[in-house]
K.L.:
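Below are the structure tokens for one structure; questions will follow.
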Amino acid sequence: MTHLDKQYDSKQAEAKWYSLWESEGYFRPASDFKKAGPKASPYVIVIPPPNVTGILHMGHALNNSIQDILVRWNRMKGADALWVPGVDHAGIATQNVVEKKLAKEKKTRWDLGREHFLKEVWKWKEEHGSTITRQLRRLGASCDWTRERFTMDEGLSKAVREAFVTLYERGLIYRANYIINWCPRCQTALSDEEAAHKDLQGGLYHLKYPVVGKNGPYEKMGEDHIVVATTRPETMLGDTAVAVNPEDARYKHLIGKKILLPLVDREIPVIADAFVDPEFGTGIVKVTPAHDPNDFAMGHRHGLEQINVMTPDGKINERGGAYKGMDRFEARKKILQDLEALGLFIKRDSHLHAVGHCYRCDTVVEPYLSKQWFVKMQPLAEKAIKAHEQGKTVFYPDRWTKVYLNWLHGIRDWCISRQIWWGHQIPAWHCQKCKAEDAGIIVSRTAPEKCPRCGSRELIQDPDVLDTWFSSWLWPFSTLGWPENAEDLQKFYPTSDLVTAPEIIFFWVARMIMAGLEFQGEVPFRRIYIHGTVRAASGLKMSKSLGNSIDPLEVIDEMGADALRYSLVMLSAQDVYLSREKFEMGRNFTTKVWNACRFVLMQLEDFKDASADPEQFKKAALSLPDRWVLARFEEKAAEIEKHLGQFGLAQAASELYHFVWDDFCDWYIELAKPMVQGQDAALKHQTQQVLFFVCERILRLLHPFMPFITEEIWQKFKEKAADNLSFPRVLSGNPEHGSPIGTFGDDAVKKGLWPETLMFAPWPHGADKRFEDPDAQKAIGILQKAVSGIRDLRSRFQIAPANKLKAVIACKEEVTREILRTFEREVKVLARLETLDCVREFRKQGAMVANAFPEFDIFISLEGVLDLAEEKKRLQKKLQETEQWIAALHKKLENPSFAARAPQEILEKEKEKLEDAKKLFVSYQSQLASLG
RNA sequence: GCGCGGUUAGUUCAGUUGGUUAGAACGCUUCCUUGACAUGGAAGAGGUCAGAGGUUCGAGUCCUCUACCGCGCACCA
């Protein structure tokens, strides 16, 4: 006996099916098995590689759910589908984790030394690095784990070296002294994107600097001083000038004079530079070329000395005199105190300004002068802009295109060197001999033996490693085997879709496009889908540190992965604001699906007839509800197909939800019950077939969204079909369908050959003309109206369901009356009637109440007491509403401009509406009259 | 400062190129344990679509302005 248990056991099903899918190789592209259908085209999706230290948070869950839906959908459509999974090495984050671990043992990475430390990191990676990939499996992600990659593995490391050397050879990588964002805690340079700006309420400090040659020591200063304003007083230790705007009349006389820099007693010049905004602060700027990008530029223009006053860990260095060794913020306090003691501190204004924070550890970053490696971005950006102009990069939704292009147009060079150990060490070697001449850098794919310039063998590899994103930006092709000319690369590049969140457009999307164009001569993916950000109900971004996160694994444990996926996707039309209750929608829906299918299987228990024609339904022989549900399915499947084609996953999920729940469960199953449980054997048989047919195809539509429960149920359907080859199998799937385990098109399934798994069942595209049926749709519409009308009366007058009613429907139109007669039995069952009479006209008699529709009026007898006054009031209100509606329609239709300009079909509709309204009006009037 | 979103039922949100009396989920009210499902069924209440102006026969939908909320980028001595 094939049946479903009363309760769905999500944990059991999830574990069972995932391990089967994976072990049987179902996640691999069909072409791996040389069994792809002749027309199978590749569908390849790019996943943002999660951080190796990470755990699955809701953002990942949404992102991966979307991707999995797309991959599974395409796989069912017969595509040679591939999703390459993997993680990136997350240089700074991972190093931090391991350093923290060492700190517990009171050790630092320098205690261990580079080699030993890296061994520790690898050890950590082996032990903990697979957390997130395990969690992705729990979610149901159908990625090809046999192709799993890691940015630090051999192949990808080779790709990184290849990319670096190639760019260097093309003159697109250079090394320079420049102000970069420096994280004093991680002790490394960061790119501009890695320094997240946050608005902070800080101080704008006004300080006095004495002018040299007037009054001498500070104590005696009169008016011969200038006032500068700064937010970072501690950098004054490195000032090498003060600047004013050349047009600023207040200060023209100062230009060329000298200033005695307090505390360090250094004489610095007053310079004129147009950069200075006379409106801001005092109009005088202290210039610190080693600690501010603008000052750095100014310093270059005026040939100023660059004095770095800080150590890599954010303390004042020996150039800071008495402040040496102090932390930068401590030094700030002390310097302000000292200046105050000297009478040089004037005031502190409160000042809102954006301060960069390290995106890994949230420490305030320091603009810091140092020698770093950079990628020259403009030539790369130009190619990307050109590709966009050629229509090669398409964003969904479109508005992100502008964000992307703006960034490209204002692009700045990318600082790619990091002063950490965990990562790809830069493939550059410094010749110790040539170094003295400021030359002797050798950039090479393999370690060079000697300096090509002087022949010295004293070569030391650059200690820095590359930004993690320098490996991530190669992901779409490095994971396919580049720089080798691999088969996968040939077959799967460029990929189809990239799915990601908006915060990563600059970090990753734009850079991948640039790398793809630079190294492959082609964009890495054709379409880019940017989905919403997951936020907590409060509106804040979900994050563990804020304590407002919901752990997706907990939701999976509690409600199942399918419930989590469905809820997330259905909510993902834009930014997703989450609370725990929102997952109940998906949970309830999975339960509903389970129970509906359970019912269907129960009705098929005694289906044994093997003589039926399995080829095709004969429309004429089907009942109206059967014809209706088939037509409705095709309609909905077509809509779902349309939505999925343009990343409208939320809409597709919503359509499915309502089709399954409202149409299939609430109406079709209820209508099928009397047929399948009645005495008419032929009708019963036919209905069983339709129940099976539609339900099985619903499972296929649902599968990408909720893979586990659908597989669990579908396997039962398959069992059922194996016993009963006469189940009709008119399928609209792709006959060219390919799968790792064979070819399953319509023909194969029709012949009783079912795929091993729902994953390879043909996708129903919908809009199958064979099932189109406006007559049936109209008829069921009438039925629904009649049933709802009676239920409405029942509810309004509080008639218990056990109380079987006598109803009369008065209907002028013969066709409609005929339809109602056909459904006499169904209406009686669904509306719980004792009798139903359909007549042409009817006059209300005695204790009766009525419900009016344009097509017909429904009357039921009422025993018991009826609040006539209340009913009269209601009818009067309805009458008034209808009157207003009629007036509005009249006005509209009598407007000559409307008649002249509105399209014909709109005009027709409006006229029909008017007719309906008039009919309603008459009904209400007569009802009122009968009430007296 | 520049740019991008958003403002629709008590709450969270849909609403395709302007065209039924503006929808859903959750919540609420009433009734119902009828053999798939109470994680359910039936019925119902609830909205001058942020405000002002404009285009149009017709605006939640298009244009302008305003207000508020959110996001991104840049500058910030």
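Letters A, B, ... mirror the listed sequences (proteins, then strands); counts begin at 1.
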K.L.:
Counting just side-chain N and O atoms, does A:K673 come under 4.0 Å of either OP1 or OP2 of B:A36?
P.N.:
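True: A:K673 side-chain N/O within range (under 4.0 Å) of B:A36 OP1/OP2.
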
K.L.:
State plainly whether the residues A:E558 and A:K11 are in salt-bridge range, i.e. N to O under 4.0 Å.
P.N.:
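Looking at A:K11 together with A:E558, the answer is no, because their closest N to O distance does not fall below 4.0 Å.
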
K.L.:
Return the pairing partner of B:U12 with a 3.5 Å limit on both distances, Watson-Crick or G-U wobble; otherwise return none.
P.N.:
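Partner of B:U12: B:A24.
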
K.L.:
May I ask you to say what A:E670 touches in the nucleic acid, namely base, sugar-phosphate or nothing, with a heavy-atom cut-off under 4.0 Å?
P.N.:
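Counting heavy atoms under 4.0 Å across all strands, the contact made by A:E670 includes a base.
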
K.L.:
Would you mind telling me which of B:G19, B:A42, B:A36 lies closest to the side-chain atoms of A:I669?
P.N.:
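Among B:G19, B:A42, B:A36, the one nearest the side chain of A:I669 is B:A36.
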
K.L.:
Kindly say if A:S654 contacts the phosphate of B:A24, meaning a side-chain N or O under 4.0 Å from OP1 or OP2.
P.N.:
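No.
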
K.L.:
Measuring from the side chain of A:H658 (C-beta onward, heavy atoms only), which nucleotide among B:U39, B:A36, B:A24 has the closest atom?
P.N.:
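Comparing B:U39, B:A36, B:A24 against the side chain of A:H658, the answer is B:A24.
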
K.L.:
Of the nucleotides B:G19, B:A36, B:A43, which one has an atom closest to the side chain of A:P903?
P.N.:
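Looking only at side-chain atoms, A:P903 lies closest to B:G19.
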
K.L.:
Over how many whole Å does the gap from A:E584 atom CD to B:C13 atom P extend?
P.N.:
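To the nearest whole Å, that distance equals 18 Å.
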
K.L.:
Under 4.0 Å, counting only non-hydrogen atoms across every strand here, what does A:C597 touch: a base, just sugar-phosphate, or nothing?
P.N.:
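Here A:C597 touches no strand at all.
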
K.L.:
When you get a sec, tell me which of B:G41, B:C75, B:A42 is the closest nucleotide to the side chain of A:R412?
P.N.:
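In terms of side-chain proximity for A:R412, the closest of B:G41, B:C75, B:A42 is B:C75.
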
K.L.:
Taking the six-membered ring of A:F664, is NZ or CZ of A:K592 closer than 6.0 Å to its centre and within 45° of its axis?
P.N.:
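Not satisfied by the 6.0 Å and 45° rule.
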
K.L.:
Checking A:T882 side chain against A:K878 main chain: does a donor-acceptor pair fall under 3.5 Å?
P.N.:
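Yes: the side chain of A:T882 pairs with the backbone of A:K878.
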
K.L.:
Give the intermediate values and the outcome of salt bridge (Lys or Arg N to Asp or Glu O under 4.0 Å) for residues A:E639 and A:K642.
P.N.:
CA-CA 5 Å; A:E639 273 176 50; A:K642 194 187 99 198; over 6 Å; no

K.L.:
Checking base pairs now: Watson-Crick or wobble, both atom distances under 3.5 Å. What partners B:A42?
P.N.:
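Paired with B:A42, as far as the under-3.5 Å criterion goes, is B:U30.
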
K.L.:
If you look at every strand shown and take non-hydrogen atoms under 4.0 Å, does A:R901 touch a base, only sugar-phosphate, or nothing?
P.N.:
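Touches a base.
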
K.L.:
Is B:C49 paired to anything, Watson-Crick or G-U wobble with both distances less than 3.5 Å, and if yes, which nucleotide?
P.N.:
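Looking at the geometry, B:C49 pairs with no nucleotide.
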
K.L.:
Considering only B:A36, B:C57, B:G41, which nucleotide approaches the side chain of A:W661 most closely?
P.N.:
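Nearest to the side chain of A:W661 among the choices is B:G41.
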
K.L.:
Name the nucleic acid region contacted by A:D277, choosing base, sugar-phosphate or nothing; use a 4.0 angstrom heavy-atom cut-off, strictly under.
P.N.:
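Since a base atom lies under 4.0 Å of A:D277, the category is base.
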
K.L.:
Answer with yes or no whether the side chains of A:Q777 and A:E635 bring together a donor and an acceptor at under 3.5 Å.
P.N.:
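A pair is found: one side chain offers a donor N or O, the other an acceptor, under 3.5 Å apart.
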
K.L.:
Between C1' on B:G19 and CZ on A:F898, what's the gap in Å once rounded to a whole number?
P.N.:
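Answer to the nearest Å: 7 Å.
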
K.L.:
Could you please name the partner base of B:G35, counting Watson-Crick and G-U wobble pairs only when both distances are under 3.5 Å?
P.N.:
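Per the H-bond distance test, none.
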
K.L.:
Roughly how far apart, to the nearest Å, are B:U34 and B:G40 at atom C1'?
P.N.:
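That atom pair is separated by 12 Å.
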
K.L.:
At 4.0 Å (heavy atoms only), tell me whether A:K6 reaches a base, stays on the sugar-phosphate, or touches nothing.
P.N.:
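Sugar-phosphate contact only.
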
K.L.:
Taking only the side-chain heavy atoms of A:M602 (C-beta and beyond), determine which of B:A36, B:A43, B:G19 contains the nearest atom.
P.N.:
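Between B:A36, B:A43, B:G19, the one nearest the side chain of A:M602 would be B:A36.
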
K.L.:
Please pick, from B:U39, B:U20, B:G41, the nucleotide with the shortest atom-to-atom distance to any side-chain atom of A:K913.
P.N.:
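Side chain of A:K913 sits closest to B:U20.
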
K.L.:
Between A:Y668 and A:L691, is there a side-chain heavy-atom distance shorter than 4.5 Å?
P.N.:
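Yes - at least one pair of side-chain heavy atoms lies under 4.5 Å apart.
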
K.L.:
Need one value for A:K592: base, sugar-phosphate or nothing, where a base atom within 4.0 Å counts as base even if backbone is also close, heavy atoms only.
P.N.:
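Contact class for A:K592: base.
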
K.L.:
Could you work out the separation of B:U7 and B:U61 based on their P atoms and round it to a whole Å?
P.N.:
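My reading of the P atoms in B:U7 and B:U61 gives 11 Å.
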
K.L.:
Give A:V600 one of three labels, base, sugar-phosphate or nothing, depending on what nucleic acid heavy atoms sit under 4.0 Å from its own.
P.N.:
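Touches nothing.
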
K.L.:
Using purine N1 to pyrimidine N3 plus N6-O4 or O6-N4 for Watson-Crick, or N1-O2 and O6-N3 for G-U wobble, both under 3.5 Å, which nucleotide pairs with B:G72?
P.N.:
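Base-paired to B:C2.
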
K.L.:
Going by an N to O cut-off under 4.0 Å, is there a salt bridge joining A:K347 and A:D349?
P.N.:
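Looking at A:D349 together with A:K347, the answer is yes, because their closest N to O distance falls below 4.0 Å.
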
K.L.:
Base, sugar-phosphate alone, or nothing: which one does A:D295 contact when heavy atoms must sit under 4.0 Å apart?
P.N.:
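Nothing, no heavy atom under 4.0 Å.
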
K.L.:
Give me the ring orientation class for A:F506 and A:W407: parallel if the planes are under 30° apart, tilted from 30 to 60°, perpendicular past 60°.
P.N.:
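If you compare the ring of A:F506 with that of A:W407, the planes turn out parallel.
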
K.L.:
Between B:C71 atom C1' and A:K198 atom NZ, what is the distance in whole Å?
P.N.:
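So the two atoms are 16 Å apart, to the nearest Å.
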
K.L.:
Could you run down nucleotides 1-6 of chain B 5' to 3' and tag each one B, S or - for protein heavy-atom contact under 4.0 Å?
P.N.:
--SSS-

K.L.:
Starting at OH of A:Y657 and ending at C1' of B:C26, how long is that distance when rounded to a whole Å?
P.N.:
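One finds 10 Å between C1' of B:C26 and OH of A:Y657, rounded.
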
K.L.:
Write down the distance separating the C1' atoms in B:C49 and B:G23, rounded off to the nearest Å.
P.N.:
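After rounding to an integer number of Å, I get 12 Å for this pair.
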
K.L.:
For B:A36 and B:A42, measure between their P atoms and round to the nearest Å.
P.N.:
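So the two P atoms sit 15 Å from each other.
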
K.L.:
Rounding to an integer number of angstrom, what distance separates B:C4 and B:G60 when you compare their P atoms?
P.N.:
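25 Å, rounded to whole Å.
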
K.L.:
Please report the distance separating the C1' of B:A22 from the corresponding atom of B:G58, rounded so that it comes out in whole Å.
P.N.:
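The answer is 15 Å between these two C1' atoms.
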
K.L.:
When the distance from CD1 of A:I179 to P of B:C75 is rounded to whole Å, what number comes out?
P.N.:
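It is 13 Å, rounded to the nearest whole Å.
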
K.L.:
Tell me what A:A354 touches on the nucleic acid: a base, only sugar-phosphate, or nothing, going by heavy atoms under 4.0 Å.
P.N.:
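The answer is base, as A:A354 lies within the cut-off (heavy atoms under 4.0 Å) of a base atom.
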
K.L.:
Which of the following nucleotides, B:A36, B:C57, B:G19, is nearest to the side chain of A:A596?
P.N.:
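It is B:A36.
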
K.L.:
When the side chains of residues 232-240 of chain A are checked against the rest of the protein, which donor-acceptor pairs come out under 3.5 Å, sequence neighbours left out?
P.N.:
unit_1	atom_1	unit_2	atom_2	d
A:R232	NH1	A:H291	O	3.4
A:R232	NH1	A:E366	OE2	3.0
A:R232	NH2	A:H291	O	2.6
A:E234	OE1	A:R332	NE	2.8
A:E234	OE2	A:R332	NH2	3.0
A:T235	OG1	A:R232	O	2.8
A:T235	OG1	A:K286	NZ	2.7
A:D239	OD1	A:K286	NZ	3.0
A:D239	OD1	A:T288	OG1	2.7
A:D239	OD2	A:Y209	OH	2.8
A:T240	OG1	A:E305	O	3.0

K.L.:
What's the CG-C1' distance between A:D792 and B:C32, to the nearest Å?
P.N.:
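Rounded to whole Å, this separation is 16 Å.
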
K.L.:
Could you state the atom-to-atom distance from CD1 of A:I906 to P of B:G19 in whole Å?
P.N.:
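Rounded to the whole Å, the gap is 8 Å.
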
K.L.:
Looking only at side-chain atoms of A:Q798, point me to the closest of B:U30, B:U16, B:A36.
P.N.:
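The closest nucleotide is B:U30.
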
K.L.:
Sticking with atom P, work out how far B:G18 lies from B:A25, rounded to a whole angstrom.
P.N.:
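Pairwise P distance, B:G18 against B:A25, rounds to 28 Å.
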
K.L.:
Measuring only the P atom in each nucleotide, how far is B:U48 from B:U8? A whole number of Å is fine.
P.N.:
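Here B:U48 and B:U8 have their P atoms 12 Å from each other.
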
K.L.:
Among B:A43, B:A74, B:A36, which is the nearest nucleotide to the side chain of A:N595?
P.N.:
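Selected nucleotide (nearest to the side chain): B:A36.
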
